[in-house]
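Quick notes on the structure that follows.
Here is the naming used below: chain letters follow the sequence lines, and residue numbers restart at 1 for every chain. Keep in mind that what you see is a predicted model, and the values were worked out from it rather than measured.
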Amino acid sequence: MAARGASVQRPNGASQGKICQFKLVLLGESAVGKSSLVLRFVKGQFHEYQESTIGAAFLTQTVCLDDTTVKFEIWDTAGQERYHSLAPMYYRGAQAAIIVYDITNQDTFNRAKSWVKELQRQANPNIVIALSGNKADLANKRMVEYEEAQAYAEENGLLFMETSAKTAMNVNDIFLAIAKKLPKTDPGARGPQQGAGTVQVNESQGGQKSGCCGGK
Amino acid sequence: MQYQHLKVNFMGRDPSAAIDEWEDPAFEVYHTTDRYGFIHDSNLSKERDDAEKIAKELERTDKWKKMYKNWDKSFDGDHPSKGEKLRARVWKGIPDQWRGEIWKKLLHIEELKATHQDVYEKMLTRALTTSPDIRQIDLDVNRTYRNHIMFRERYGIKQKHLFHVLAAYSMYNTEVGYCQGMSQIAALLLMYMDEEEAFWCLSQLLTNKKHAMHGLFIPGFPKLMRFQSHFELVIKKFMPKIYKFMNANMIPPSLYAIKWFMQCFLDRTPFPLTLRLWDIYMLEGERILIPMAFTVFKVHKKKLLKMQMEQFVNFLQHELEKDFGLEDDAVVLELNAVVLDLRRARVELPPPPSDPLEEVPKTHFGSVTYPTEEELIKRQQSQIHINDEPTVSRTEYLTLLAVSLFTGNSGIGRGLVDTKLGMFPSVVD
């Protein structure tokens, strides 16, 4: 892992603190807005005609929590059922997952539930899972009730937020909530796979880069 | 029927269909549309280069016209010397105005259409009532090349054709059905030909011997896996530094190579270069995929070795599409050299699949498949209510016919429903 640790980009002149690096995977039915959530979080943009993800995409973003800088390595996946066979390769060793559904489509919520089950069975046992009810801007077409999803999330110990990649509502918040929940002190305690453990780099430079917290 | 609204929308825009303002082409004034139909936010910077290229292309147009007229006489694949001339010209690039016609010639579309009359319409009719992939196809048509003038308008004519081609094909080749990744290929074809021709081109690309994309799109993606592993071996052998680097940074081929192999570099190189690669792909087939992937690494090796994982992936997935950093002609020359090198080393293509039947269609094209009991239960569980009947019921057919008549789309209603079409895979290669 030494190579990975060394490759952590240090925010220009961060204050004393540590950098933790986590692998996060996005899962969910096709066209629920997985790539749009990532695009909003990483680049602050929204594309009406976000192209479908073939295979997977990879991006990173850093958020700051008190004295800790959390760097997310984000793996964005294809939603069509056929690409399911590739998913384990992406969630293997992930310390966090966002499972996305579309609040205007009940089927996508059911699909989200089956992703939760799969992760509970197959993924890293300590994985932090967040459930995102996306397209919250389309509340007038709502088919999945907030309370229903919240109750489900509580039962299963998931973080839950309704989000909108279009309006940016709760997008940074859901990533921040995950960052807060992720353990930042026990390197090596998590999954043995790629991106395993928490990479800590002691910073020696001073002053935090503005805008590194929670995206732009 | 749950998906009725899709059909109505695609048979002509229903005034009540919900579209956003940006989807209405009448709403905005376009900034710049390039010669291929892509809409850009800013002025095109390489205008002068383009003018030179276009002049060169126009010069060659007459030659292509002659060649096209005497196609059968001059370019029979059985005469190697004549084939060489065609080959040389295709590698130089097909003039854009001839591209569609030549692609169709290379894939033998005329012959196929003649021997398979009415098949497209029958498949389309059946698809609109029974395809389990309709919903996914609609989702993807909605986000396929929306930055292209032809596909800009929601439920516009070319979007409708794209929807038709993919839906009909999902019925024709039921083992593939519809797989994400196919919509961009069909859209590319539709930029150069009509819907029925695009349907047959897609069919040829998936199932002829040269391209055999079938194995790239069926569940498990066996051909994709085979190409990816082979590419890793080729890199390991000929570019050990890059291989070590990717290994150390844990960059699997699935992060950069899926669209290279599945879609022959669509959206991964600038569009004009992608067209040049597709010209060559149409002629040469799958044998250029590994060499082109190798060419990307060869050309950018030094730069790539200095990158971190994120930059590396971003460079291959996005930056190269904006600017490949080399003139199209230079890339093609380099590709040609790599083809010869890899051919000499006998690694141009991966070894064939261990099971020769693994990547090829096993079901007759266009045959009606009855869902198994397991599939039916699964469908019920997932609450996706496609028709319970595996074949088109009379009521549904009449409903569809009525819808098509009301919307004035005679093309849909014309073909009578044939529940046992059972066509054999008849592929001209």
Side-chain angles (χ1 to χ4, degrees), chain A residues 1-4 6-9 21 23 29-32 35-36 42 47-62 71-87 89-90 93 102 105-111 114 138 140-141 166 193-196, chain B residues 18 20-23 133 135-136 138-140 142-147 151-152 154 176-184 217-221 224-225 245 247-259 261-263 266-268 307-314 317-318 381-384:
Chain A
M1 292 320 297
R4 292 321 279 286
S7 77
V8 170
Q9 275 193 319
Q21 190 168 316
K23 177 177 173 183
E29 179 64 274
S30 185
V32 294
S35 304
S36 292
V42 174
H47 295 162
E48 287 283 356
Y49 47 88
Q50 178 66 36
E51 63 185 52
S52 57
T53 307
I54 312 295
F58 175 85
L59 287 144
T60 65
Q61 177 63 300
T62 306
K71 183 177 180 186
F72 284 115
E73 287 188 333
I74 305 166
W75 296 65
D76 176 24
T77 63
Q80 194 188 11
E81 174 59 27
R82 188 161 310 179
Y83 286 88
H84 192 154
S85 62
L86 302 180
M89 182 165 71
Y90 300 116
D102 168 358
N105 183 331
Q106 181 72 38
D107 288 343
T108 66
F109 183 55
N110 297 336
R111 185 87 184 90
S114 68
L138 301 177
N140 57 337
K141 294 180 188 164
K166 192 169 181 170
Q193 299 293 331
Q194 124 180 25
Chain B
D20 288 339
E21 281 170 346
W22 69 272
E23 295 178 298
D133 299 309
R135 186 179 155 270
Q136 185 71 52
D138 179 55
L139 286 175
D140 288 349
N142 187 29
R143 48 193 177 148
T144 301
Y145 294 132
R146 292 301 292 272
N147 57 340
F151 300 101
R152 183 68 158 181
R154 188 69 179 125
V176 165
Y178 170 71
C179 177
Q180 286 194 321
M182 287 162 71
S183 71
Q184 288 88 357
F217 292 110
I218 52 174
F221 315 105
L224 177 68
M225 300 302 155
F245 173 83
N247 235 7
N249 286 281
M250 281 167 281
I251 303 170
S254 59
L255 257 193
Y256 56 85
I258 290 185
K259 273 175 82 85
F261 297 141
M262 264 193 167
Q263 303 182 319
L266 275 181
D267 313 317
R268 289 294 179 260
M307 290 179 184
Q308 291 170 358
M309 181 198 188
E310 184 188 1
Q311 282 174 299
F312 185 96
V313 175
N314 185 52
Q317 286 199 346
H318 305 292
Q381 281 171 344
S382 68
Q383 295 183 330
I384 295 171

For B:D133, the side chain to side chain contact (heavy atoms under 4.5 Å, CB included) test, sequence neighbours excluded, returns B:S131, B:I137, B:S170, B:Y178

Bottom line for A:T53: the part with an atom under 4.5 Å from chain B's heavy atoms is backbone

Honestly, the part of A:E51 sitting under 4.5 Å from a heavy atom of chain B is both

#### Entry: Distance flag, aromatic centroids of A:Y83 and B:F221, threshold under 6.0 Å
yes

When the 4.5 angstrom heavy-atom criterion is applied to B:Q180 and chain A, the contacting part is both

Turns out that what part of B:T144 lies under 4.5 Å from chain A's heavy atoms comes down to neither

Cut-off 4.5 Å, heavy atoms of chain A, and the answer for B:L224 is neither

Looking only at B:C179, B:A257, B:G177, the option with the highest number of non-hydrogen pairs under 4.5 Å against chain A is B:C179

- Message: One thing to verify: whether B:D138 and B:R154 come together as a salt bridge, which I'm taking to mean a side-chain N less than 4.0 angstrom from a carboxylate O.
- Response: yes

**Q.** Check: B:K259 main-chain N/O paired with B:R268 side-chain donor or acceptor under 3.5 Å
**A.** no

Sorted by chain and number, sequence neighbours left out, ring-ring contact (aromatic ring centres under 6.0 Å, His included) with B:F217 holds for none

